[in-house]
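Encoded as structure tokens, the structure appears first; notes follow it.
Sequence lines set the chain letters: A, B, ... in the order given, protein chains first and strands last, and positions in each chain run from 1.
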Number of protein chains: 2
Amino acid sequence: MPASTLRYYEEKELIASNGRRGLRRTFDPGVFERLGLIALGRAAGFTLDEIGAMMSASGPQIDRKRLSEKARELNEKIRQLTVMRDGLRHAAACRAPSHMECPSFRRILRAATTGRIAAPPSAAPGRPG
Amino acid sequence: MPASTLRYYEEKELIASNGRRGLRRTFDPGVFERLGLIALGRAAGFTLDEIGAMMSASGPQIDRKRLSEKARELNEKIRQLTVMRDGLRHAAACRAPSHMECPSFRRILRAATTGRIAAPPSAAPGRPG
DNA sequence: CTGCCACTTCAAGCCGACTTGAGGTCAAGC
DNA sequence: GCTTGACCTCAAGTCGGCTTGAAGTGGCAG
């Protein structure tokens with residue numbers, strides 16, 4: 001993990017350094033746990049701001065409501081991705097002369113067109129070359 | 001669909017207008033199919049560039065190899081998201097006094113920390129306020 | 001014929017999560 | 001003691017997919 005990431009997180013107030021050794025930040029060990037939670041939250045699809053809100057507003061612990069809310073969101077996303085995956089598999093295997101002549105392909109195409117399947121943000125932004 | 005989107009797609013050479021009526025672009029009906037394919041591709045997680053490559057390089061039809069490749073990627077993503085979803089559900093339901101004391105939570109936390117679960121790009125970029 | 005407003009061009013902005021570049025500092029290793 | 005290079009600050013850049021702003025044009029309803 002590059003130092004720039006730590007700086008970024010510190011700026012966002014997700015973590016805090018406990019002082020300096022010369023110029024350099026020092027952190028106490030508890031920051032590892034927080035970094036873990038941040039990674040976890042990111043993997044769950046929370047934004048850094050959401051994560052920050054949940055970690056600072058954590059009364060006794062992390063807000064269970066938000067967790068199950070996010071679980072529901074993930075479930076929906078999984079459903080959509082599953083539709084897509086199966087559609088792609090079929091399209092790859094289908095021997096219709098043109099994809100357009102495959103009813104299955106046209107069905108999934110319509111699903112995408114009517115917005116019943118949403119586009120994900122994009123491939124993998126935030127990770128330049 | 002705003003005209004700006006069509007312009008953007010045209011600039012990316014994903015669609016082509018067949019002329020102008022005065023200043024305004026006109027498109028022939030086939031563009032609807034292409035727009036559908038674009039929406040589909042986006043929903044599947046292809047970037048616009050990938051979609052463009054696939055549509056223009058389409059020999060007889062859309063490259064089946066790429067399709068099953070993407071299906072595999074989606075499958076992996078689904079797997080990760082499923083782990084996350086179940087973890088969140090558990091964490092939301094778990095009655096351990098602190099999440100840190102829940103073995104299940106710690107397990108998923110470790111999964112995120114070690115990178116066995118990757119962070120998605122982010123919530124929903126590209127869609128300003 | 002007139003007025004409106006959806007279109008046009010071109011450049012710049014936005015979101016999120018970082019990275020990178022320029023210019024500088026200093027703790028650690030030899 | 002001297003070098004080294006990983007850190008520091010701050011601003012700006014990156015990536016994808018559009019949108020938005022300013023300034024202008026012209027098809028179509030009335």
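Within a 6.0 Å sphere centred on CZ of R106(A), heavy atoms belonging to other residues, nucleotides or ligands number more than 12.
Note: CZ (R7(A)) to C1' (dG21(C)) measures 12 Å, nearest angstrom. If you measure from atom NZ of K12(A) to atom P of dT19(C), you get 14 Å, rounded to the nearest angstrom. Atom CD of E11(B) is separated from atom C1' of dA12(C) by 13 Å (rounded to the nearest Å). Remark: C1' of dC18(C) and CG of L48(A) are 9 Å apart, rounded to the nearest angstrom. Rounded to an integer number of Å, the gap from CG of L23(B) to P of dA23(D) is 18 Å. Rounded to whole angstrom, the span from the CD1 atom of I15(A) across to the P atom of dA17(C) amounts to 15 Å. Nucleotide dC15(C) holds its P atom 15 Å from the CD atom of E50(A), rounded to whole Å. A straight line from CE of M1(B) to C1' of dC7(C) spans 16 Å, rounded to a whole angstrom.
Considering only the side chain of Y9(B), dC18(D) comes nearest among dC7(D), dG26(D), dC18(D).
Between R24(B) and dC5(C) there is no side-chain N or O to OP1 or OP2 distance below 4.0 Å. Close to dC18(C), at under 4.0 Å from its OP1 or OP2, lies a side-chain N or O of R42(A). Dashed line: the shortest gap from a side-chain N or O of S4(B) to OP1 or OP2 of dC18(D) is not under 4.0 Å. Taking 4.0 angstrom as the limit, R21(B) places none of its side-chain polar atoms (N or O) nearer than this to OP1 or OP2 of dA6(C). Between R25(B) and dT8(C) there is a side-chain polar atom (N or O) within less than 4.0 angstrom of OP1 or OP2.
Here the side chains of L67(B) and M54(B) are in contact, with some heavy-atom distance below 4.5 Å.
Classification of R7(B) and E10(B) as a salt-bridged pair fails, no side-chain N sitting under 4.0 Å from a carboxylate O. Here E50(B) pairs with K70(B) in a salt bridge; the nearest charged N to carboxylate O distance falls below 4.0 Å.
No continuous path of ILVMFWY side-chain contacts below 4.5 Å connects F105(A) to F32(B), so the two sit in separate hydrophobic clusters.
Positionally, the nearest nucleotide of DNA chain D for Y8(B) lies more toward the 5' end than for the other of G22(B) and Y8(B). Comparing T5(B) and F27(A), the nucleotide of DNA chain D nearest to each residue sits closer to the 5' end for F27(A).
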